[in-house]
Amino acid sequence: MKAKRQEQQARTPLSNAEIADQLASLAQMLSTQKENPFKVKAYRRASANIRTLSESLDELVCDEADLTQYAGIGEAIAGAIREIVLTGTLGKLAKLRTEASPELVDINAYPRLDPKRILRIYKKLNISSINSLRETLEDGEIEKIFGARMAQHVRQGLTESHAMLLYRADDLRSSLEKFLREKCQVRTVEVVGDYRRRVEIIDEISFLVDTEDFPALVGKLERFGGRTLLISSSKGEALFALSSGIRLLIQAASRRDWGLSLVTSTGSKAHMNKLLSVTGSLTSVKAKGPFPSELSFYRKFGMSFIEPELREGHHEVEQALHGALPVLVSVNDIRGELHAHSTSSDGAHSIEQMATAARERGYEYTGITDHSQSLKIAGGVPVDELWKQVGFIDKLNERLTGIRVLKSSEVDILADGSLDYPDDLLKELDYTVCSIHSRFGLGKKEQTERIMRAMDNRYFNILGHATGRLLLKRPGYEIDMERIIAHARQNGCFFEINSSPDRLDLSADNTRAAAAAGIKIAISTDAHSMPEFGLTRYGIDQARRAGLQTSDVLNCLPWRKLSILFRR
DNA sequence: GCCGTTTTCGGCCCGACTGTTTTCAGTCG
């Protein structure tokens, strides 16, 4: 072991990212063969898992540690990792590369690209290199010919830094904070930037630290996850490229001006411009210090405290000056759930189990919104079954105490704008969530009018995940949000913020627009199991970014009042 | 290739619909 240690010290240790890249490249190469797709998936999963480790795989290998302790790594992949660390290459990958076409080898430098799709583009556009691919992407040619989804795939595949969903950054934040506290001995650390504002996609995670020895801290961070690339550093600020693909910004701050530093490192650019136009330049602000807390800063300039989620440069600075900031909705204000699935369609738990879980969260009610008949893949509930479910829930409510189960459905909006159940059945439900799950490819005008027609049905209450987007995966279908908001307002329809962290749909901006039109919003989890009620936190984040107060939120109302709003 | 209250093999969700890149693979939850 000692020999290996010495050997390791003689060379530059591999970063977890470099190891993960090799595994991802192998997965990509295997995917072009007639290889078991689950094997491909296993390599991809292992690669992704490795990127989030704070320990150094290189060190672990040299210490002969058991790598199979980590999720997604078994004997075979542990062997591959050992080979990469000890020899610098992966034989299997090298062999596949020598056998592959030059185009494929070229593509293999970008393991996140799907070779099949890229080769299709090559053929159609008569190109054969990544450079040409990049050019056609930038020309907008790929989007024009293959659509927005393909363009997004190529763009993500060619980009070095992978953005990260907020909920995944939550885990990373904890492990980085732990590392900073325990390994770097910082006195204080606080997360700031986009993460603190709860932006749904994170490119850069940043922390404010109070430390005696900043250069030493930088040195230690360079060994986070084996080796972490230092992009730039200056006195009191360092920028790294993390293995997980996003950047890490560390800024040092003094106790004396900790509050001011929190303010400057949290606000968006637009927010800071507006703020400094009120306070004067940063230099002149500093002269008026000290500002040990954010509150001391806001007080000094006659402002009330601006919640981080609001610091986007809308109207929050003016509102803070006039004491007119909204009192933002919070998780504890939620009185019930309006979008949840059960085993009747594609959920993991029974109606009764979901009801119990809702009660344990302190809710007064939960809707059960299983999928409607057309959505076969998700076990859509046939008409006669939903009739039975209506009767079942009535009986269940007689039996249950402390929670009311609402009879509902996530009703598909069919291609022609009709709803997926007959009116005489919809009439029996307490309310409906109506969503699009098919024909995403319709044009903007058709899609908009499809939703508007659906809203003309008097049993339409809440529009589920309005745009159908999946963050970092799929752009939503195209709709004219302005027309839909106007139509919803006219017809007494509502929107939801779907809290599922890869949807967060409505976006904060659309939520803001809908609320400005006086439309109340449901903050819903779309839970498919009991623990998923906990996702409401992410919906609340977006609601707060949109400036929502409890009075803007449907499920902050008791059922008695809510039921009146649902009657049309 | 990984994993295990379905545990050492066999599953890893799945089934109908869509469409021109693709007549089968991609897509929807």
Side-chain angles (χ1 to χ4, degrees), chain A residues 23-24 26-27 29-50 67-81 90 92-93 114-127 133 136 141-154 339-348 369-382 409-415 420 433-442 447 464-465 467-470 473-477 498 500 502-503 505 524-529 532:
Chain A
L23 296 180
L26 179 58
M29 278 309 219
L30 290 173
S31 78
T32 66
Q33 316 279 104
K34 278 174 227 137
E35 190 49 90
N36 177 0
F38 294 109
K39 188 194 274 192
V40 175
K41 219 172 170 183
Y43 276 106
R44 290 229 170 90
R45 197 172 44 224
S47 170
N49 289 352
I50 283 170
L67 301 180
T68 62
Q69 65 180 299
Y70 299 106
I73 301 179
E75 283 306 324
I77 293 183
I81 293 170
L90 186 55
K92 201 168 171 183
L93 176 61
D114 171 15
K116 278 188 204 153
R117 291 158 88 178
I118 302 308
L119 291 176
R120 220 155 59 211
I121 295 175
Y122 281 8
K123 200 172 158 194
K124 176 90 177 181
L125 299 182
N126 201 20
I127 56 174
L133 182 69
T136 52
E141 210 173 333
I142 291 182
E143 169 143 18
K144 206 172 76 199
I145 298 173
F146 298 95
R149 192 168 302 189
M150 182 69 100
Q152 175 161 332
H153 171 73
V154 176
H339 188 164
H341 296 263
S342 77
T343 45
S344 300
S345 63
D346 59 348
T369 52
D370 279 305
H371 287 291
S372 61
Q373 54 181 343
S374 290
L375 203 63
K376 309 270 193 229
I377 178 80
V381 182
S409 168
E410 182 176 10
V411 188
D412 260 59
I413 299 172
L414 303 177
D420 196 22
V433 175
C434 302
S435 312
I436 283 183
H437 293 121
S438 61
R439 301 298 298 272
F440 279 34
L442 288 183
Q447 202 71 282
H465 44 69
T467 73
R469 73 174 181 177
L470 289 180
K473 214 161 151 193
R474 172 179 88 194
Y477 35 80
N498 192 297
S500 170
D502 53 4
R503 289 190 183 273
D505 183 14
S524 299
T525 60
D526 202 350
H528 281 68
S529 67
E532 286 177 36

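So you know, we letter chains A, B, ... as the sequences are listed, proteins then strands, and number each from 1. Note that the coordinates shown come from a computational prediction; the quantities given were computed from them, not determined experimentally.
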Enquirer: Ignoring hydrogens, what is the shortest heavy-atom contact between A/Ile77 and A/Ala46? Give both atom names and the distance.
Expert: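 Heavy atoms of A/Ile77 and A/Ala46 come nearest at CD1-CB, 3.7 Å.
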
Enquirer: In this structure, how many angstroms lie between the C1' atom of B/dG26 and the CE atom of A/Met150, rounded?
Expert: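 Atom-to-atom, A/Met150 to B/dG26, this comes out as 11 Å.
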
Enquirer: Work out how far the P atom of B/dC13 is from that of B/dC3, and round it to whole angstrom.
Expert: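 Straight-line distance between the two P atoms is 15 Å.
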
Enquirer: Below 4.0 angstrom from OP1 or OP2 of B/dT27, is there any side-chain N or O of A/Lys473?
Expert: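 Answer no for this pair, as no side-chain N or O of A/Lys473 is under 4.0 Å from OP1 or OP2.
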
Enquirer: Side chains of A/Ser524 and A/Asp526: is there a donor and an acceptor less than 3.5 Å apart?
Expert: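 Per modelled atom types, A/Ser524 and A/Asp526 side chains form no pair under 3.5 Å.
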
Enquirer: Within this structure, what is the CZ-to-C1' distance between A/Arg474 and B/dG26, rounded to whole angstrom?
Expert: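 That distance rounds to 12 Å.
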
Enquirer: I'd like the P distance from B/dT22 over to B/dC17, given in whole Å.
Expert: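 That atom pair is separated by 24 Å.
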
Enquirer: Between B/dG1, B/dC28, B/dG29, which one does the side chain of A/Ala76 approach most closely?
Expert: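 Looking only at side-chain atoms, A/Ala76 lies closest to B/dG1.
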
Enquirer: Side chain of A/Lys116, heavy atoms from C-beta onward: which of B/dG26, B/dC2, B/dG29 has the nearest atom to it?
Expert: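 Shortest atom-to-atom distance from the side chain points to B/dG26.
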
Enquirer: For A/Lys144, answer base if it contacts any base atom (sugar-phosphate contacts may also be present), sugar-phosphate if it contacts only those atoms, and nothing otherwise; contact means non-hydrogen atoms under 4.0 Å.
Expert: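 Contact class for A/Lys144: none.
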
Enquirer: Under 4.0 Å, heavy atoms only, any strand: does A/Ile77 hit a base, just the sugar-phosphate, or nothing?
Expert: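 Sugar-phosphate contact only - A/Ile77 comes under 4.0 Å of backbone atoms but never of a base.
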
Enquirer: Expressed as a whole number of Å, how far does the C1' atom of B/dC2 sit from that of B/dT8?
Expert: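 Those two atoms are separated by 13 Å.
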
Enquirer: Which nucleotide in the set B/dC28, B/dC14, B/dC12 lies at the smallest distance from any side-chain heavy atom of A/Asn36?
Expert: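 Among the listed nucleotides, the one closest to the side chain of A/Asn36 is B/dC12.
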
Enquirer: Assign A/Ile121 to base, sugar-phosphate, or nothing according to its heavy-atom contacts below 4.0 angstrom with the strands shown.
Expert: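 No contact.
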
Enquirer: Within the distance-only criterion (no hydrogens, no angle test), does the side chain of A/His153 pair as donor or acceptor with the backbone N or O of A/Asp114 below 3.5 angstrom?
Expert: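 Flag set: sc A/His153 to bb A/Asp114 pair under 3.5 Å.
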
Enquirer: In whole angstrom, give the distance that lies between atom CZ of A/Arg503 and atom C1' of B/dG29.
Expert: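 Result: 7 Å.
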
Enquirer: Counting only N and O atoms by type, is there a donor-acceptor contact under 3.5 Å from the side chain of A/Ser435 to the main-chain atoms of A/Asp412?
Expert: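 No, A/Ser435 side chain to A/Asp412 backbone: no donor-acceptor pair under 3.5 Å.
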
Enquirer: To the nearest Å, give me how far apart CD (A/Gln447) and P (B/dC28) are.
Expert: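 Distance, rounded to whole Å: 12 Å.
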
Enquirer: Could you tell me the Watson-Crick or G-U partner of B/dC14, where both distances fall under 3.5 Å? Say none if there is no partner.
Expert: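 Pairing partner, where one exists within any strand: B/dG29.
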
Enquirer: Expressed as a whole number of Å, how far does the P atom of B/dT18 sit from that of B/dG11?
Expert: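 It works out to 31 Å between them.
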
Enquirer: Provide, to the nearest angstrom, the distance between the CZ atom belonging to A/Phe146 and the P atom belonging to B/dT22.
Expert: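 Distance, rounded to whole Å: 9 Å.
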
Enquirer: Taking only heavy atoms on the protein side, list every residue of residues 37-45 of chain A lying under 4.0 Å from any atom of DNA chain B, sorted numerically.
Expert: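 Correct list: A/Phe38, A/Lys39, A/Ala42, A/Tyr43, A/Arg45.
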
Enquirer: With C1' as the reference atom in both, quote the distance from B/dC9 to B/dG15 in angstrom, rounded to an integer.
Expert: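 Between the two C1' atoms, the distance is 26 Å.
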
Enquirer: Roughly how many Å is it from CZ in A/Arg117 to C1' in B/dA25, rounded to a whole number?
Expert: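 My rounded result for the distance is 11 Å.
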
Enquirer: Considering heavy-atom distances to DNA chain B, does A/His371 or A/Arg439 have its closest nucleotide positioned more toward the 5' end?
Expert: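 Going by which nucleotide is closer to the 5' end, it is A/Arg439.
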
Enquirer: Got a donor-acceptor contact below 3.5 angstrom from the A/Asp420 side chain to the A/Val411 backbone?
Expert: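 No; judged by distance alone, with no hydrogens or angles, the pair does not exist.
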
Enquirer: Return the value, rounded to whole Å, for the distance between atom CD of A/Glu410 and atom P of B/dC28.
Expert: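 Computing the A/Glu410:CD to B/dC28:P distance gives 15 Å.
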
Enquirer: Write down the distance between CD1 (A/Ile436) and C1' (B/dT27), rounded to a whole number of angstrom.
Expert: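 For the pair A/Ile436 CD1 and B/dT27 C1', the rounded distance is 15 Å.
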
Enquirer: Once you measure the plane-to-plane angle for A/His528 and A/His371, does it fall in the parallel (<30°), tilted (30-60°) or perpendicular (>60°) bin?
Expert: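 The rings of A/His528 and A/His371 sit tilted, inter-plane angle from 30° to 60°.
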
Enquirer: Testing the basics here: between A/Ala27 and A/Tyr43, what is the closest heavy-atom pair and its distance to 0.1 Å?
Expert: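 That closest heavy-atom pairing would be CB-CB, 3.7 Å.
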
Enquirer: Got a donor-acceptor contact below 3.5 angstrom from the A/Arg503 side chain to the A/Leu470 backbone?
Expert: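 Between the backbone of A/Leu470 and the side chain of A/Arg503 there is no qualifying donor-acceptor contact (under 3.5 Å).
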
Enquirer: Do the non-hydrogen side-chain atoms of A/Arg474 and A/Gln152 ever get within less than 4.5 Å of each other?
Expert: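 SC-SC contact between A/Arg474 and A/Gln152 ruled out.
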
Enquirer: Which part of the nucleic acid, if any, lies within reach of A/Ala46 when heavy atoms closer than 4.0 Å are counted: base, sugar-phosphate only, or nothing?
Expert: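 Answer is nothing: A/Ala46 stays at 4.0 Å or more from every strand.
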
Enquirer: Checking all strands, does A/Asp526 fall into the base, sugar-phosphate, or nothing category for heavy-atom contacts under 4.0 angstrom?
Expert: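 Result for A/Asp526 = nothing.
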
